[in-house]
Amino acid sequence: MINVTKTYLPNKEKYKQYVDEIYANGWITNNGPLVKKLEKRLAEYLDVKNIVLVANGTVALEIAYRTLDLKGYAITTPFSFVATTSSLVTNGIKPIFADINAQTLNIEPNAIEALITPNTKAIVPVHVFGNGCDVEAIEQIAKKHNLNVIYDAAHAFNVKYKNSSILNYGDISTLSFHATKLFHTIEGGALIINDDKLVEKARYLINFGIESSEAIPELGTNAKMNEFEAAMGLCLLDEMPEVSQKRKELYQRYKNELKGLVQFQEQNKHSTQNYSYFPIILKDEDEALRIQKALNHQKISPRRYFYPSLDTLAYIEPKQHCKQSRDISKRILCLPLYPELSEDEQLKILNIIKSVIGATI
């Protein structure tokens, strides 16, 4: 089976060395030495001031909202993984959807401002498939209306914007280190926060709200990363150059072979790419489904990222309609992309896609 992604596992012997270290010191969780080491190395690697490691990308978003004391409404994108929206709802924040740009697939800045009301407290954009948002336009809107900005940067590991980390934009950016991501810690996530006081608050919020042995100032949760996960991250970080290069090669082959046959996501010209996903947009939903079916028949599993459009979720109130997001979500497929994907496997995928499209020309 060729899935849309496959977990990359680093050198086993190196991981075992870290496991031996964990067994020797008996420190498994609660901000252990490997978590501290990974935080330090990631801050340097990503060129960010502060990074707080957590249990997963969803709690990273939730901790971000709590750290900023968000209430009321937040303007966000309907074209994302469901956690972007569900994390708002579970924290009592109402998501208001601004439609996307049909070329970049990111939230459309021009659509944000018209939706701002006195109840609006934040903007929650997503760097979709690692493609940088128009961060400067969003920053201008946020400053004008005194809004917080929390970036869901789950896909934007190591993306640069104008030669510096895109993670430094907004009040907080969050990352996902799930096993399917470009960089992973089995499960895991992170918050990137420039304000040192907010960092301090986030650290006790992820530890049940405990500030010290005698002080529990706020309602917190258990969102800590453990040592085994940190060990995986430390191993994988050493191998990121090779992982990134292989992904780039696969990405470029897809793009070269499919140019003129499908629509590609338009990339932010000021941002770098991390080659974490390869989405294609077909002419209509029927073509997308026929390609998916043809690939499935050969035990190949692309993914309809992101379907359905989140403005269609039953639990969302008030009801909203985002035309572009609904249209793109029906026509998009993400193709298999991971370092172990062979050239023969990729060519098989390409030939099937070309065959289906060719039958409809």
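For clarity, every value in this text was computed on a predicted model and none was experimentally measured.
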Between [atom1] of [X] and [atom2] of [Y], what distance do you get to the nearest 0.5 Å?
X	Y	atom1	atom2	value
Q292	I353	CD	CD1	11.5 Å
N31	I206	CG	CD1	7.0 Å
I107	I123	CD1	CD1	7.5 Å
L70	K121	CG	NZ	10.0 Å
L147	I138	CG	CD1	11.5 Å
I349	Q346	CD1	CD	6.5 Å

Please name the pair of heavy atoms, one in [X] and one in [Y], separated by the smallest distance, quoted to 0.1 Å.
X	Y	value
N226	V35	O-CG2, 3.9 Å
K319	A314	NZ-O, 2.9 Å
K283	R331	O-CD, 3.5 Å
V128	F306	CG1-CE1, 4.1 Å
S244	Y275	O-CD1, 4.5 Å
H127	V135	CE1-CG1, 3.9 Å

Will you find, in the side chains of [X] and [Y], an N or O donor that is under 3.5 Å from an N or O acceptor?
X	Y	answer
D171	N148	yes
S309	S329	no
S165	D47	no
N106	D134	no
N222	K224	yes
H178	S176	no

Between [X] and [Y], is the gap from one ring center to the other below 6.0 Å?
X	Y	answer
F79	Y307	no
F264	F278	yes
F183	F177	yes

Is there a side-chain contact between [X] and [Y], using heavy atoms and a 4.5 Å cut-off?
X	Y	answer
M225	T29	no
E113	K144	yes
V89	P95	yes
V4	L335	no
L310	S80	yes
F97	I316	yes
V149	P125	yes
T221	R66	yes

Report task. Decide if atom OH of Y315 counts as having more than 12 heavy atoms of other residues, nucleotides or ligands within a radius under 6.0 Å. Result ->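 Counting other residues, nucleotides and ligands, OH of Y315 exceeds 12 neighbours.
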Report task. Decide salt bridge (charged side-chain N to carboxylate O under 4.0 Å, His left out) for R304 and E285; before the verdict, give the C-alpha distance in whole Å, the side-chain angles of both, and the deciding distance to 0.1 Å. Result -> CA-CA 11 Å; R304 298 184 77 187; E285 185 176 23; 3.0 Å; yes
Main-chain N/O of [Y] paired with [X] side-chain donor or acceptor, under 3.5 Å:
X	Y	result
T67	I63	yes
N3	K6	no
S325	C322	no
D20	A24	no
S173	L167	yes
N274	S276	yes
E345	S342	yes
N119	G72	no
N131	N268	yes

Is any side-chain N of the basic residue among [X] and [Y] closer than 4.0 Å to the acidic one's carboxylate O?
X	Y	answer
K181	E187	no
K354	E257	yes
K201	E211	no
K323	D99	no
R203	E39	yes

Query raised in the report: Of D196, L198, L191, which meets side chain to side chain contact (heavy atoms under 4.5 Å, CB included) against N50?
Result: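 Answer to the side chain to side chain contact (heavy atoms under 4.5 Å, CB included) test with N50 among D196, L198, L191: D196.
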Requested in this report: Please determine which of H321, R326, Q320 meets the side-chain hydrogen bond (donor to acceptor under 3.5 Å, both in side chains) test together with D311.
Outcome: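 Filter result, single survivor: R326.
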Query raised in the report: Under the criterion side-chain hydrogen bond (donor to acceptor under 3.5 Å, both in side chains), which of K246, H184, E340, E239 is the partner of Y8?
Result: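 The residue from K246, H184, E340, E239 that satisfies side-chain hydrogen bond (donor to acceptor under 3.5 Å, both in side chains) with Y8 turns out to be E239.
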**Report entry** From CA spacing to verdict: side-chain hydrogen bond (donor to acceptor under 3.5 Å, both in side chains), Q273, Y251
**Finding:** CA-CA 10 Å; Q273 291 179 254; Y251 185 101; 2.9 Å; yes
Query raised in the report: After noting the C-alpha distance and the side-chain angles of K162 and E136, does the key distance pass the salt bridge (charged side-chain N to carboxylate O under 4.0 Å, His left out) rule?
Result: CA-CA 11 Å; K162 294 185 176 179; E136 291 171 337; 3.0 Å; yes
Query raised in the report: Where does the angle between the aromatic ring planes of F129 and Y305 fall among parallel (under 30°), tilted (30 to 60°) and perpendicular (over 60°)?
Result: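 F129 vs Y305 ring planes: tilted.
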Requested in this report: Evaluate the ring planes of F157 and Y45, with Trp represented by its six-membered ring, and classify them as parallel (under 30°), tilted (30 to 60°) or perpendicular (over 60°).
Outcome: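 Rings of F157 and Y45: parallel, as their planes differ by under 30°.
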Query raised in the report: Does the pair Y277 and Q265 meet the rule for a side-chain hydrogen bond (donor to acceptor under 3.5 Å, both in side chains), with working shown?
Result: CA-CA 11 Å; Y277 294 88; Q265 181 184 26; over 6 Å; no
Report task. Output, in order, the C-alpha distance, side-chain angles, deciding distance and verdict of side-chain contact (heavy atoms from CB on, under 4.5 Å) for I192 and N168. Result -> CA-CA 7 Å; I192 288 78; N168 287 319; 4.3 Å; yes
Report task. Give the intermediate values and the outcome of salt bridge (charged side-chain N to carboxylate O under 4.0 Å, His left out) for residues D344 and K348. Result -> CA-CA 6 Å; D344 286 345; K348 181 178 180 180; over 6 Å; no
Query - Listed partners of Y65 passing ring pair (Phe, Tyr, Trp, His ring centres under 6.0 Å), at least two apart - result: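 With sequence neighbours excluded, Y65 shows a ring pair (Phe, Tyr, Trp, His ring centres under 6.0 Å) to no residue whatsoever.
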